[in-house]
Amino acid sequence: MVANILRLFRIPQVSYASTAPELSDNSRYDFFSRVVPPDTYQAQAMVDLVKAMRWNYVSTVASEGNYGESGVDAFIQKSREDGGLCISQSVKIPREPRTGEFDKIIRRLSENPNARVVIIFANEDDIRRLLQAAKIANQTGHFIWVGSDSWGSKISPILNQEEMAEGAVTILPKRQSIRGFDRYFTSRTLENNRRNIWFAEFWENNFQCKLSRHALKKGSGVKKCTNHERIGRDSSYEQEGKVQFVIDAVYAMAHALHNMHRSLCPGNVGLCPKMETINGTLLLKYIRDVNFTGIAGTPVVFNVNGDAPGRYEIYQYQITNSTMEYKIIGHWTDHLHLETNQMQWPGASQDVPSSICSQPCKAGQRKKTVKGIPCCWHCENCDGYQYQADTYSCKMCRFDLRPNPNHTGCDPIPIVKLEWSSPWAVFPVLIAVLGIMATMFVVLTFIRYNDTPIVKASGRELSYVLLTGIFLCYATTFLMISTPDVGICSLRRIFLGLGMSISYAALLTKTNRIYRIFEQGKMSVSAPRFISPASQLVITFTLISVQLLGVCIWFGVDPSQAVIDYEDQRTSNPLMARGVLKCDISDLSLICLLGYSMLLMVTCTVYAIKTRGVPETFNEAKPIGFTMYTTCIVWLAFIPIFFGTSQSAEKLYIQTTTLTISVSLSASVSLGMLYMPKVYVVLLHPEQNIPKHKRSLKAVVTAATMSNKFNPKGGLRPNGEAKSELCESLETQALASKQTYISYSNHAI
């Protein structure tokens, strides 16, 4: 109100105590200046203090009125501008509080026990009553009070409730006690200070006496003033904290008038005509331009809004060994300077109390902010393959990475492959090594006894082809276990199906030849077409070429390469995830690769069934049939095991082991059933490995047919005499017709 009147009449004013923020509004209070900082600086200092203590969840209490409400508003505004600070409760104390009002306020402040810090912009009486209510509510040591300059370093608000105020942090504009003022003021008496019309009233209140005898009442206990009382001796005395600012305000006006006089009245003593009527606007300019050192040694200046710079001292009320005092713990001048090692909290503790809404999230957790309260959040784990990208979000690791144990980043997924030392590899390799040794033994035996009747009768050319296929079947095991690369993967494509194709192509050619010979023999004495060794080799290699052609087309469409599959062993637990180094052969591609071999195997089985009626003496188809039946059983068992483990974590090991063992077993069945009996005869019973006499083809076939008709068990001649005769007769007829011979025996494949 006063400021508005002064503005109306353009009268400059310099205040020594007004700190309301709205007085900085130069559009409304343009003639107002002050030597104390506005509460906006105090609010900023409080915000800086709270953040320095790492508190982010506080409550505010304000006395109803301009000072309290403006101070709290300034604090809230500054906290929003700086961010990272939230208000739990904002309570206003009425001008005339009802009974129980302060108890109600304490209950509201206690609703959120995490918000322990309370910012107070209140008058002394409200502070005192608030502390008293907290004491009644048994909240001693719970609340941490942060008081404005209205609390400062005063004793009256905390009198008789010091324990409740322990640890309170307060702010005061930086000031200094003026010693000269103490000497002057304590020397004032009624005689030497008659010019101050209020001094007599002060004297009566200070010494609890009355100057007029007529004012004394009987029984009141009030004595008459003697004029011998002395300030500071007969009464308590403490210099008012604003004395410095009163002196600075007076000097600011004096400096402005002095500078104005020097400019308008140079060389004149006293007022000149230009200053007889003071121009308020001009005087305001000189006031705003003053710059001098104040009574306390601090500079006195004004900004464009007439405000003094913010300079504050930070106090803390501490109790040490029954000694109670306000201790300076820092200061604020544009920036906070705090000596945290000098601070002490309730219970003489050195640990800074907590006043935060939510505890910090652990590593690998993200914050999920509570709507409308940015300082409060819930912590959520970054689960699965997620990692903590930043404070508020989790992201998925790249496909070839997995989160580290605390989910703060991603690490490469370990790469695994089938190792030679693995139990899954040792057993297949052992079978393959034994199989290769057995195959080489058979081959060497056949080479050593290449011209003996049994070796000839087994069909030497196709036998060597078949043994080559068996060898490749065993050798495939080493390719399947070797570390995948482009070369190994290419060889796998070629030889995985090739070994089986060679074996079953040779067997199919043999069974087909047996079938055609006896079917033709029933109708004619002439030999069937394409039964010579050369023809049989052409048929076999034609069947094999189909497999090779398919592989070549596959290479053209999809070149071979080694890949790392991160999906096969991507378990729900990231720590167990592994990348599998393997060739880019899918399960479907594998079936297609083996499909042609399966077709040859089934066709060969069909011919074996068709030739089951051939006399046993002539029937090499029977061991071939047993071989094919056993092989079919092996592969029928392979299919469910292979595809049934496609979702297993051990898929790589189980499928590779199953496949290699199945291929090796197929080769072992062929080797054992078709060649071991022949080797047995050749090595242990050479007396049976002798040539027999020859008969014509017609006689041999007729004898075979009749033998089958009248003696279902077949001939009893040793070493398949009739069979040898058939083979030799066919050979003779073939030579006669300029064809090579055909041989057939049931001793081996």
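Met500 is listed as a side-chain neighbour of Trp635, based on a closest heavy-atom distance under 4.5 Å. When side chains are defined from C-beta on, Leu498 counts as touching Leu548, because their heavy atoms get closer than 4.5 Å. Looking at heavy atoms from C-beta onward, Leu472 lies in side-chain contact with Ile502 at the 4.5 angstrom threshold. Put simply, the side chain of Thr391 does not reach to within 4.5 Å of the side chain of Arg366, judged on heavy atoms. Side-chain contact between Val580 and Tyr566 is absent, with no heavy atoms from C-beta onward closer than 4.5 Å. Looking at Arg493 and Asp558, their side chains come closer than 4.5 Å, going by heavy atoms from C-beta outward. Under the 4.5 Å side-chain criterion, counting only non-hydrogen atoms from C-beta, Thr660 is not in contact with Trp424. Using a 4.5 Å cut-off on side-chain heavy atoms (C-beta onward), Ile356 and Cys375 make no contact.
For His378, there are no side chain to side chain donor-acceptor pair (under 3.5 Å) partners two or more places apart in sequence or in a different chain. Applying the side chain to side chain donor-acceptor pair (under 3.5 Å) test to Ser393 and every residue at least two apart in sequence or in another chain returns Asp390. With sequence neighbours excluded, the residues forming a side chain to side chain donor-acceptor pair (under 3.5 Å) with Ser501 are Gln547, Ser597, listed by chain and number. By the side chain to side chain donor-acceptor pair (under 3.5 Å) test, Asp400 is found to be paired with Arg398, residues two or more places apart in sequence or in another chain being considered.
In this structure, Ser482 OG and Leu418 CG are separated by 9.5 Å, a value rounded to the nearest 0.5 Å. Once rounded to the nearest 0.5 Å, the distance linking CG of Leu462 with OG1 of Thr540 reads 4.5 Å. In this structure, Asn512 CG and Cys604 SG are separated by 9.5 Å, a value rounded to the nearest 0.5 Å. Atoms CE and CD1, on Met673 and Ile624 in that order, are 12.0 Å from each other to the nearest 0.5 Å. Going from atom CG of Asp451 over to atom CZ of Arg460 covers 5.5 Å, rounded to the nearest 0.5 Å. Here the straight-line distance linking atom OG1 of Thr656 with atom NZ of Lys417 works out to 12.0 Å at 0.5 Å rounding.
Residues Ser662 and Val634 come closest through the heavy atom pair O-CG1, 3.9 Å. Minimum heavy-atom separation, Cys397 to Leu401: CB-O, 3.7 Å. Across Leu600 and Ala505, no two heavy atoms sit closer than the pair CD1-N, 4.0 Å. Among all heavy-atom pairs drawn from Ile470 and Ser670, the shortest one is CD1-CB, 4.0 Å.
Between the side chain of Thr657 and the backbone N or O of Ile654, no donor-acceptor pair lies under 3.5 Å. Ser664 contributes no side-chain N or O that, together with a main-chain N or O of Ile661, makes up a donor-acceptor pair within less than 3.5 Å. The closest donor-acceptor contact from the side chain of Ser503 to the backbone of Gly499 lies under 3.5 Å. Tyr392 places no side-chain N or O within 3.5 Å of a backbone atom of Thr369 that could act as its donor or acceptor partner. Using modelled atom types, one side-chain atom of Gln388 and one backbone atom of Gln365 make a donor-acceptor pair closer than 3.5 Å. A donor-acceptor contact shorter than 3.5 Å links the side chain of Arg402 to the backbone of Leu575. A side-chain donor-acceptor contact under 3.5 Å links His407 to the backbone of Gln386. Judged purely by atom type and a 3.5 angstrom limit, Tyr653 has no side-chain atom pairing as donor or acceptor with the backbone of Pro423.
Around CE of Met396, the count of heavy atoms belonging to other residues, nucleotides or ligands within 6.0 Å exceeds 12. Atom CZ of Phe427 has 12 or fewer neighbouring heavy atoms from other residues, nucleotides or ligands inside a 6.0 Å radius. Within a 6.0 Å sphere centred on OH of Tyr680, heavy atoms belonging to other residues, nucleotides or ligands number 12 at most.
Checked for salt-bridge contact, Arg492 and Asp584 miss the test: no charged N lies under 4.0 Å from a carboxylate O.
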Cys357 vs Asn114, test: side-chain contact (heavy atoms from CB on, under 4.5 Å). Steps then yes/no.
CA-CA 6 Å; Cys357 182; Asn114 289 338; 5.6 Å; no

Would Cys379 and Cys361 count as a disulfide (SG to SG under 2.5 Å) if you check the C-alpha gap in whole Å, the side-chain angles of each, and the deciding distance to 0.1 Å?
CA-CA 6 Å; Cys379 295; Cys361 293; 2.0 Å; yes

Show the numbers, then the answer: is there a side-chain contact (heavy atoms from CB on, under 4.5 Å) between Leu496 and Leu593?
CA-CA 8 Å; Leu496 181 58; Leu593 181 64; 3.7 Å; yes

Apply salt bridge (Lys or Arg N to Asp or Glu O under 4.0 Å) to residues Asp565 and Arg578 and explain how you reach the verdict.
CA-CA 9 Å; Asp565 189 345; Arg578 298 292 185 271; over 6 Å; no

Intermediate values then yes/no, side-chain contact (heavy atoms from CB on, under 4.5 Å), Asn404 and Asn406:
CA-CA 6 Å; Asn404 55 26; Asn406 58 10; 2.7 Å; yes

What's the verdict on side-chain contact (heavy atoms from CB on, under 4.5 Å) for Leu507 and Met628, showing C-alpha distance, side-chain angles and the deciding distance?
CA-CA 9 Å; Leu507 284 174; Met628 300 317 301; 3.8 Å; yes

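Side-chain contact, Thr603 with Tyr504: no donor N or O sits under 3.5 Å from an acceptor N or O. Judged by distance alone, the side chains of Ser463 and Tyr675 do bring a donor and an acceptor atom under 3.5 Å apart. In this model, no donor atom of one side chain and acceptor atom of the other lie less than 3.5 Å apart for Asp411 and Tyr387. Side chains of Thr571 and Asn573: no donor on one and acceptor on the other come within 3.5 Å.
For the pair Lys368 and Trp377, the cation does not sit on the ring face, since its NZ or CZ is not both under 6.0 Å from the ring centre and inside 45° of the axis. Geometrically, Arg570 engages Tyr385 in a cation-pi contact, judged by NZ or CZ lying under 6.0 Å from the ring centre and within 45° of the ring axis.
Among residue pairs with one or both ends in residues 554-593, those qualifying as disulfide bond (SG atoms under 2.5 Å apart) are Cys489-Cys583; sequence neighbours excluded.
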Check: residues 432-448 side-chain donor-acceptor pairs under 3.5 Å, at least two apart:
unit_1 : atom_1 : unit_2 : atom_2 : d
Thr439 : OG1    : Gly435 : O      : 2.7
Thr445 : OG1    : Phe441 : O      : 2.8

